[in-house]
Amino acid sequence: TTLVELLQVTAAAANEALNVEDALQICLGRISAHTGWPLGHAYMLANDGSETLVSSGIWHCDTPERFARFQAVTSETPLPVGIGLPGRVLASGEAMWVLDLDAESDHSRAGAAAAEGFRAAFGFPVTIGREVVAVLEFFAAETQAPNRALLNVMANIGAQLGRVIERKRAEENLREAKDAAENASRSKSSFLANMSHELRTPLNAIIGFTRLIMRRAKDVLPIKQFENLEKILLSSEHLLSLINTILDLAEVEAGRMEVKTSEFSLESTLDLCLRTVEPLVKSEYVRLVKDFEGLPETISTDQEKLRQILINLLSNAIKFTETGSVTLRARAVGDRIALAVIDTGIGIPSGALTLIFEEFQQVDNSASRTHSGTGLGLAITRRLVTRMGGHVEATSRLGTGSTFTVALPLDVAEAGRERPPGFAGRRVLIVASSPFQAPYLARRLTRSGASARVVPDLEAGLAALPGA
């Protein structure tokens, strides 16, 4: 029964350990306490593929100063397969008991063990599947007959501990892989953000010189050459737009895009967004609709980012709407502003609504798609909205249209401040003998909506609780 309890307690404690080292330490301590053997140690399999055991530096020692010499020798003694008790456990994969340490093949440690007065030892493997990854060894000053039941339990503990080590290693590998991926992503984002000047400058030069030539040589150049210059200008502006989109995303990912708060007229900004996208409406069958109601005169947030969010959403809506309308609706809802872009376009399949805010995701990714784009506009929109303390969501019906709703705080700075807890409707009992602090605290709580009562001592407080 005690052995079964040892197995259960050791396995449970090892599973709760934060890392492999703690799990090994727990096992050494529990087993030493059960057996009464004063010294326990963990050998680990080296990571260099040499099938050599090296000291882990993890010990259980009843009297550390007494066994210091043996510990020092062990820490400097790697053991190949078959050498010493740990080496033979590694070779066989089975628990072993030694009655005479003087006869061990590990001569360097045998001398140190004899000097400490050790006569007997037992060891068992820690296994992952059939692979031995560690060996735990224990030492005693008196010779004891082999305890086969104990060795069987040690084998089970070794298998349990092996599963803990396997899980902890998997968690560590996963953590390292996650950190590496995040570092790579940050490096990529930082690189793109740093490349902003190098990527934009040549394109701006091409665009500028093309416009200059078109303006000065419009009446001189043949029509065909002038049309070629127009194609160069259109292609350059399109490429610059794509680069700006990618750089915007990179700046957000790299944490370089700051929210620059200012107070400005909300309705004027919304009107400006509508005028900006108006040239994108190519069909006479599509109307831009303005639907504002109950708006505050001003809002305190990042004006440029608000414009970017709305222009992204309005541009998308116009692109996918062939007939009907694109509506910008704005309402004040409490301490937030709700902005909705509603279109009567082709709609979005329900299965794609969870993907459209991800980078490089588009509803139609086929090579024959009719609408161009990088799939970054909505991803950037969501990140910008989040940075500004809001949230964005989409609803849609295929063939009917879509609605993208953005909710932003009216005051970004105020929304970012931690709000004090509300006490409206609460009853508070204050037990304090102070004639000054307690009444002051009661007044502050009352102003916050609470019903506060002050009593001078613990007895009065206990007496007041039933009626509280």
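Across Leu3 and Ala149, no two heavy atoms sit closer than the pair CD1-CB, 3.7 Å. Summarising the geometry of Leu203 relative to Ser236, their closest heavy-atom pair is CD2-O, 4.1 Å, with the distance given to 0.1 Å. Across every non-hydrogen atom of Gly390 and Arg336, the tightest pair is CA-NH1, 3.7 Å. For the pair Ser315 and Leu280, the tightest heavy-atom approach, listed with the atom from each and the gap, is OG-CD1, 3.5 Å. Across every non-hydrogen atom of Gln160 and Leu7, the tightest pair is CG-CD1, 4.5 Å. The minimum heavy-atom distance between Leu136 and Phe138, with the atom names listed, is CB-CE1, 4.0 Å.
Considering CG of Leu45 and OG1 of Thr52, their distance stands at 8.0 Å, rounded to 0.5 Å. A distance of 10.0 Å separates OG1 of Thr269 from CD of Glu304, quoted to the nearest 0.5 Å. Ser262 contributes atom OG, which lies 10.0 Å from atom CG of Leu306 (distance to the nearest 0.5 angstrom). The line from CZ of Phe320 to OG of Ser402 is 9.0 Å long, rounded to the nearest 0.5 Å. The distance from the CD1 atom of Ile299 to the CG atom of Asp411 is 9.0 Å, given to the nearest 0.5 Å. A distance of 8.5 Å separates OG1 of Thr386 from CG of Leu384, quoted to the nearest 0.5 Å.
Residue-environment remark: CZ (Arg287) stays at or below the threshold of 12 foreign heavy atoms within 6.0 Å. No more than 12 heavy-atom neighbours from other residues, nucleotides or ligands sit within 6.0 angstrom of CZ on Arg397. More than 12 heavy-atom neighbours from other residues, nucleotides or ligands sit within 6.0 angstrom of CG on Asn173.
Residues Leu161 and Thr127 fail the side-chain proximity criterion, which asks for heavy atoms closer than 4.5 Å. Counting only heavy atoms from C-beta outward, the side chains of Leu266 and Ile337 approach each other to under 4.5 Å. Inter-residue side-chain proximity for His60 and Asp62 is flagged as met; some heavy-atom pair is nearer than 4.5 Å. Looking only at side-chain heavy atoms (C-beta outward), Leu270 and Leu339 come within less than 4.5 Å of each other. Side-chain contact between Ile309 and Val406 is present, with heavy atoms from C-beta onward closer than 4.5 Å. Side-chain atoms of Val89 and Glu94, non-hydrogen and from C-beta on, never get closer than 4.5 Å to each other. With contacts defined as side-chain heavy-atom distances shorter than 4.5 Å, the pair Ile348/Leu398 does not qualify. Side-chain contact between Ile380 and Gln308 is present, with at least one heavy-atom pair separated by less than 4.5 Å.
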task = Mind running salt bridge (charged side-chain N to carboxylate O under 4.0 Å, His left out) on Arg275 and Glu278 for me, showing each step along the way?
result = CA-CA 5 Å; Arg275 289 198 301 271; Glu278 193 172 354; over 6 Å; no
message = side chain to side chain contact (heavy atoms under 4.5 Å, CB included), that's the test. Do Met388 and Lys305 meet it? Break it down for me.
response = CA-CA 9 Å; Met388 294 166 66; Lys305 289 181 177 55; 3.7 Å; yes
inquiry  = Go through it in stages, so that I can follow the logic: the residues are Cys273 and Leu314, the test is side chain to side chain contact (heavy atoms under 4.5 Å, CB included), and I'd like the CA-CA distance, side-chain angles, deciding distance and then a yes or no.
reply    = CA-CA 8 Å; Cys273 292; Leu314 288 166; 4.2 Å; yes
Residues Ile342, Phe404; criterion side chain to side chain contact (heavy atoms under 4.5 Å, CB included); working and verdict = CA-CA 7 Å; Ile342 308 162; Phe404 287 81; over 6 Å; no
inquiry  = Run the side chain to side chain contact (heavy atoms under 4.5 Å, CB included) test on Val428 and Ser451 for me, step by step, so that the C-alpha distance in whole Å, both residues' side-chain angles and the decisive distance to 0.1 Å come before the verdict.
reply    = CA-CA 6 Å; Val428 181; Ser451 172; over 6 Å; no
request  = Under the side-chain hydrogen bond (donor to acceptor under 3.5 Å, both in side chains) rule, what do Glu393 and Thr405 come out as? Steps first, then yes or no, please.
outcome  = CA-CA 5 Å; Glu393 59 186 19; Thr405 304; 5.0 Å; no
Stepwise salt bridge (charged side-chain N to carboxylate O under 4.0 Å, His left out) test for Glu182 and Lys178 = CA-CA 6 Å; Glu182 289 178 348; Lys178 178 176 177 290; 2.7 Å; yes
ask   = Is there a side-chain hydrogen bond (donor to acceptor under 3.5 Å, both in side chains) between Glu322 and Ser283 once you walk through the steps?
value = CA-CA 7 Å; Glu322 296 180 357; Ser283 172; over 6 Å; no
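A donor-acceptor contact under 3.5 angstrom links the side chains of Thr298 and Glu263, judged on distance only. A donor atom on one side chain and an acceptor atom on the other are not found under 3.5 Å apart for Ser265 and Glu297. Judged by distance alone, the side chains of His41 and Ser55 do bring a donor and an acceptor atom under 3.5 Å apart. Side chain to side chain, Asn312 and Thr381 meet the donor-acceptor criterion of an N or O pair below 3.5 Å.
Listed for the Arg331 side chain is a donor-acceptor partner under 3.5 Å among the backbone atoms of Asp291. Looking at Asp302, its side chain does come within 3.5 Å of a backbone N or O of Lys260 through a donor-acceptor pair. Here the side chain of Thr344 pairs a donor or acceptor atom with the backbone of Thr323 at under 3.5 angstrom. For the pair Thr327 (side chain) and Arg329 (backbone), a donor-acceptor distance under 3.5 Å is absent. A donor-acceptor distance shorter than 3.5 angstrom exists from the side chain of Ser56 to the backbone of Ala42, with no hydrogens or angles considered.
Ionic pairing of Glu166 and Arg169 is not present here: no N-O contact between side-chain nitrogen and carboxylate oxygen is shorter than 4.0 angstrom. Salt-bridge formation is detected for the pair Glu267/Lys290: a Lys NZ or Arg NE/NH1/NH2 atom is positioned less than 4.0 Å from an Asp or Glu carboxylate oxygen.
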Under 3.5 Å, sequence neighbours excluded: what are the donor-acceptor pairs made by side chains of residues 20-32?
from	atom 1	to	atom 2	distance (Å)
Gln25	NE2	Trp59	O	2.5
Ser32	OG	Leu28	O	2.9

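Using cut-offs of 30° and 60° for the angle between ring planes, the Phe118 and Phe70 rings count as perpendicular.
Applying the ring-ring contact (aromatic ring centres under 6.0 Å, His included) test to pairs two or more places apart or on separate chains, those with a residue in residues 15-40 are Trp37-Trp97, Trp37-Phe122.
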